[in-house]
2 protein chains.
Amino acid sequence: MVDNFDAICSKLKEEKYKITPQREIIINILLDNLNKHLSAEEIYDIAKGINPDLGMTTIYRTLDLLVELGVLQKLEFGDGRTRYELQDEDMHHHHHLICLKCGKVEEFEMDLLEALEQKILEKKGFEVMDHKLKFYGTCSECR
Amino acid sequence: MVDNFDAICSKLKEEKYKITPQREIIINILLDNLNKHLSAEEIYDIAKGINPDLGMTTIYRTLDLLVELGVLQKLEFGDGRTRYELQDEDMHHHHHLICLKCGKVEEFEMDLLEALEQKILEKKGFEVMDHKLKFYGTCSECR
DNA sequence: TTATCTGCAAAATCTTTGCACTTGG
DNA sequence: CCAAGTGCAAAGATTTTGCAGATAA
């Protein structure tokens, strides 16, 4: 759903945030790199190529803003840096396969957790709003 | 399985690592705080109470060692610090419920992913060795 | 004895903050 | 115009590293 530029800009305007050139650049980088799990620094490096004046601070603040708006998700794969991924409605059925040998992160689609979330509400009184599922192992190339 | 002091020490000896007083303290802290997801600093604070000379460096190095031995797992819940949890064989069926309001982390037991992991091997050629499943939402108290 | 381990201090990362200047609406 | 946004430099927070002295086996 929120996988295009205008949809994200509308969300920003709705919440009275300004559309700045820096924010446009960052949003476009995220859109051009769906499923790549970029880190703040990787986004920064790409952004520098477009506008060399753009600062790291703006990257972090814009990413925080997009996370707050719910269009971006923070991810951690254990390499010490936060990574980011745009959210769309299918993301809820989208999980990660992390290779312990080469570090590559693949995607895996599967909707199986909805029934489980209902059970968690019944058993524990915990209302699930989102989930993250990661599988660690050896990818086909490394095997 | 590896949920007692002697079992962990045996693992250390097997790999020719020494049993030092510092390592004993750290292992005991982990054993006394199962399911608490302590951070390095929290472990350090407890350890300081037992031996004030024990340094942060030793905490990090010992935790890394235990992770390498497979008796300890690193966790990240998004608060910027790595947390640690001792592994036993049931851990594979043990997931986390993270409350987005109060930050509390509860446990949830459920074995449901084994069949799925077989499917991942068939479809993607990715051999799963471990998984992490987190649910984000609102806990019973915050609701 | 001696390879391993420890603690300190310093460095390396990653992320956040204060502040003066700039700018989108 | 002016509240919101930006960039810089500095600070914070967490984790890692170099090295000299200590110690388990």
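Just so it is clear, the values below take in all heavy atoms, side chains as well, and ignore hydrogens, waters and symmetry mates. In what follows, chains are A, B, ... by sequence order, proteins preceding strands, each numbered from 1.
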ask   = Stepwise, does the ring-ring contact (aromatic ring centres under 6.0 Å, His included) test hold for A/Tyr136 with B/His131?
value = CA-CA 6 Å; A/Tyr136 296 84; B/His131 57 232; 9.2 Å; no

Distance in angstrom units between A/Lys48 NZ and D/dC8 C1', rounded = 11 Å

task = Indicate the atoms forming the closest heavy-atom contact of A/Ile43 with A/Ile29, along with that distance.
result = O-CD1, 3.8 Å

ask   = Within the modelled atom types, does a donor on one side and an acceptor on the other bring the side chain of B/Thr57 and the base of C/dC8 under 3.5 Å apart?
value = yes

message = If you compare every side-chain N and O of B/Tyr60 against the phosphate oxygens of D/dT15 (OP1, OP2), does one of them come in below 4.0 Å?
response = yes

message = From CG of A/Leu12 over to P of D/dA3, roughly how many Å is that when rounded to an integer?
response = 21 Å

ask   = Think B/Gln22 has a side-chain N or O under 4.0 angstrom from the OP1 or OP2 of C/dG7?
value = yes

inquiry  = At less than 4.0 Å, is any side-chain N or O atom of A/Arg61 found next to OP1 or OP2 of C/dT15? Yes or no.
reply    = no

request  = Would you kindly check whether a donor in the side chain of B/Thr58 faces an acceptor in the base of C/dC5, or vice versa, at under 3.5 angstrom?
outcome  = no

query = So, B/Glu42 and B/Arg83, do they make that salt bridge, N to O below 4.0 Å?
reply = yes

key: Separation of atom CD in A/Glu41 from atom P in C/dT15, rounded to whole Å   = 9 Å

key: Under-4.0 Å salt bridge between B/Glu141 and B/Lys104   = yes

ask   = Between B/Asp79 and A/Arg23, which has a closest nucleotide on DNA chain D that is more 5'?
value = A/Arg23

ask   = Touch check for A/Thr20, heavy atoms < 4.0 angstrom, all strands: base, sugar-phosphate only, or nothing?
value = sugar-phosphate

inquiry  = Any base atoms under 4.0 Å from A/Pro21, or only sugar-phosphate, or nothing? Heavy atoms, all strands.
reply    = sugar-phosphate

ask   = Base, sugar-phosphate, or nothing: which does A/Thr82 touch, judged by heavy atoms less than 4.0 Å apart?
value = sugar-phosphate

key: Note: B/Lys74-B/Glu85 ion pair, threshold 4.0 Å (strictly below)   = no

request  = Starting from P on C/dG7, measure out to CG on B/Asn51 and report it in whole angstrom.
outcome  = 7 Å

task = Could you say whether B/Pro52 or B/Lys16 is positioned toward the 5' end of DNA chain C, judged by the nucleotide with the nearest heavy atom to each?
result = B/Lys16

task = Name the closest nucleotide to the A/Thr62 side chain, picking from C/dT6, C/dG25, D/dT6.
result = D/dT6

ask   = Just how far, in rounded Å, is P of D/dT14 from CD of B/Glu76?
value = 13 Å

task = Find the distance B/Met56:CE to C/dA11:P and express it as a whole number of Å.
result = 20 Å

task = Report the distance from atom CD1 of A/Ile59 to atom P of D/dC8, rounded to the nearest whole Å.
result = 12 Å

task = Considering just the side-chain nitrogens and oxygens of A/Arg81, establish if one lies under 4.0 Å of OP1 or OP2 belonging to C/dT15.
result = no

remark   = From CD1 of B/Ile19 across to P of C/dT6 the rounded distance in Å is 11 Å

